[in-house]
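Along the sequence shown, residues carry numbers from 1. From a predicted model like this one, the values you see are computed outputs, not experimental measurements.
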Amino acid sequence: MSDVDPRLREHRDVWERKPGLRAIYVDYHRRLLSAMPTAEPILEIGGGSGNFSETAPGVVSVDLVPSPWVDVSCDAHALPFGDAAFGGIAMLDVLHHLARPATFFEEAARVLRAGGRLAMVEPGITPLSWPFYHFLHQELVDMSVDPLAEQPPEVAADPFLSNQGIPTLLFGRQKHRVRFEAHFPEFKIIDRRAFSLLAYPMSGGFKRWSLLPGWMAPPFLAVEDVLSPLLGPILGFRISVTLERL
């Protein structure tokens, strides 16, 4: 474990200490799995500290940063798998870290079988979440960029850097969504929703503090699930997107 990136080790330590955070992320994991087709295998991109594999132990997990919790260390822009190798791809907090989003979607389309799905959970920028992400989160939020263009060189150099605005720009703004569909006709957007209200910021994310005890998280999430269809576009901290390979 001595050669593991200290930021991954810190994430793993926080994960093990915060039951409220684990409950929130298990909810994200289940959303990803529910979007998957029945066909296997499933590829997880951005396996990081191994959290998703606890919910879905059969996935093939990859990450740019080597660690004991992933099966393969590789670049998402050049996946080392054959054409049509997977029935599904699951990603949690990955798209906004990618230096070349358009190249990634080409690769995702290549390794997915017809009828396969790419499911993502990403930061969602809404009137409530923007101040939180902008002022209290260490990652950038820039809503002025082209979400399909290559990102700044520092994003390619450090996999922990990102622009949290990219998923909302790409799938929440009509003009960029139309561009995406034109660029990638092999993908159909079959689901897009804003969700995750106050439980996530109360948990403190992967910081060491938390205002959400473990026992409170499940009922809190159940109430949020009911309210999210109405309040998600205004108060949501997450966006989920599911694409189907035609």
Side-chain angles (χ1 to χ4, degrees), residues 7-36 42 44 46-57 59 61 69 90-97 117 119-139 141 160 162 164-168 171-172 190-242:
R7 292 169 291 189
L8 280 182
R9 191 184 303 112
E10 172 72 9
H11 273 203
R12 187 69 188 186
D13 289 345
V14 171
W15 171 264
E16 292 174 349
R17 295 178 183 182
K18 294 176 66 171
L21 179 71
R22 290 199 301 273
I24 291 168
Y25 271 74
V26 167
D27 176 66
Y28 297 163
H29 298 161
R30 290 173 177 161
R31 289 173 183 268
L32 290 170
L33 287 173
S34 69
M36 292 290 104
I42 293 173
E44 178 203 12
S49 53
N51 306 330
F52 184 59
S53 61
E54 294 183 7
T55 305
V59 302
S61 182
W69 304 293
M91 304 197 315
L92 175 53
D93 289 341
V94 175
L95 176 61
H96 69 284
H97 285 276
R117 291 182 178 178
M120 299 168 274
V121 170
E122 295 282 336
I125 308 304
T126 60
L128 178 65
S129 71
W130 182 86
F132 176 90
Y133 285 130
H134 183 74
F135 294 110
L136 301 178
H137 201 281
Q138 69 274 15
E139 296 171 13
V141 179
F160 287 87
S162 73
Q164 296 177 100
I166 286 177
T168 299
F171 297 109
I190 62 171
D191 187 67
R192 179 184 61 84
R193 64 188 67 193
F195 71 105
S196 189
L197 307 180
L198 296 178
Y200 172 70
M202 287 176 61
S203 77
F206 280 90
K207 305 294 185 183
R208 291 193 171 270
W209 62 269
S210 177
L211 301 177
L212 185 71
W215 64 266
M216 185 187 293
F220 212 109
L221 291 171
V223 171
E224 288 196 352
D225 197 42
V226 174
L227 296 177
S228 284
L230 177 64
L231 299 180
I234 301 171
L235 307 179
F237 280 77
R238 292 287 180 175
I239 182 173
S240 66
V241 179
T242 304

| field | Worked check of side chain to side chain contact (heavy atoms under 4.5 Å, CB included) between Arg12 and Trp69 | value | CA-CA 10 Å; Arg12 187 69 188 186; Trp69 304 293; 3.7 Å; yes
| said: Any side-chain to backbone donor/acceptor pair from Glu224 onto Leu198? Under 3.5 Å, distance only. | reply: yes
| field | Distance, nearest 0.5 Å, that separates CZ of Phe206 from CG of Asn51 | value | 5.0 Å
| said: Is any side-chain heavy atom of Arg192 closer than 4.5 Å to one of Ile239? | reply: yes
| task | Name all residues meeting the ring pair (Phe, Tyr, Trp, His ring centres under 6.0 Å) criterion together with Tyr200; count only those two or more places apart in sequence or in a different chain, and write none if there are none. | result | none
| Does a side-chain heavy-atom distance below 4.5 Å link Phe132 with Val141? | no
| query | Rounded to the nearest 0.5 Å, how far apart are CG of Leu197 and OG of Ser129? | reply | 10.5 Å
| field | Distance, nearest 0.5 Å, that separates CH2 of Trp15 from CD of Glu10 | value | 15.0 Å
| field | Value rounded to 0.5 Å, distance of CG in Leu95 from CD in Glu122 | value | 4.5 Å
| field | Beyond-backbone contact of Asp13 with Arg208, side-chain heavy atoms, under 4.5 angstrom | value | yes
| remark: By ring pair (Phe, Tyr, Trp, His ring centres under 6.0 Å), Trp130 pairs with (sequence neighbours left out) His134, Phe135
| Shortest non-hydrogen separation from Met91 to Leu32 and the atoms involved | O-CD2, 3.7 Å
| message | Is any side-chain heavy atom of Arg117 closer than 4.5 Å to one of Ile190? | response | yes
| said: According to side chain to side chain donor-acceptor pair (under 3.5 Å), who are the partners of Arg31, at least two apart in sequence or on a separate chain? | reply: Asp27, Asp225
| side chain to side chain donor-acceptor pair (under 3.5 Å) partners of Arg7, counting only residues at least two apart | Asp5, Asp158
| Do Phe220 and Ile24 have side-chain heavy atoms sitting under 4.5 Å apart? | no
| query | Just by distance, with hydrogens left out, do Ser196 and Tyr28 show a side-chain donor and acceptor under 3.5 Å apart? | reply | yes
| message | Please report the interatomic distance NE2(His137) to NZ(Lys207), rounded to the nearest 0.5 Å. | response | 7.0 Å
| Partner of Thr55 under side chain to side chain donor-acceptor pair (under 3.5 Å), chosen from Arg30, Arg22, His29 | His29
| message | Quick check: closest heavy atoms across Val14 and Gly205, and the distance to 0.1 Å? | response | CG1-O, 4.2 Å
| Closest non-hydrogen atom pair, Glu139 against Ser162 | OE1-OG, 2.7 Å
| query | Considering all heavy atoms of both residues, which atom of Gly47 and which atom of Ser61 are nearest to each other, and what is their separation? | reply | CA-OG, 3.3 Å
| Donor-acceptor pair between Ser49 and His11 side chains, under 3.5 angstrom | no
| task | Measure the shortest side-chain to side-chain distance between Phe52 and Tyr25 over non-hydrogen atoms and say whether it is less than 4.5 angstrom. | result | no
| said: Is there a side-chain contact between Thr126 and Pro233 in this structure, where contact means two heavy atoms from C-beta onward sitting under 4.5 Å apart? | reply: no
| query | With sequence neighbours excluded, what pairs up with Asp191 under the side chain to side chain donor-acceptor pair (under 3.5 Å) test? | reply | Arg193
| Heavy-atom pair with the smallest gap, counting every atom of Tyr133 and Phe237 | OH-O, 2.5 Å
| Partners of Ser210 by side chain to side chain donor-acceptor pair (under 3.5 Å), sequence neighbours excluded? | none
| field | Side chain to side chain, Pro123 and Arg238, heavy atoms closer than 4.5 Å | value | yes
| query | Closest approach of His96 and Pro167, non-hydrogen atoms and distance? | reply | CB-CD, 3.7 Å
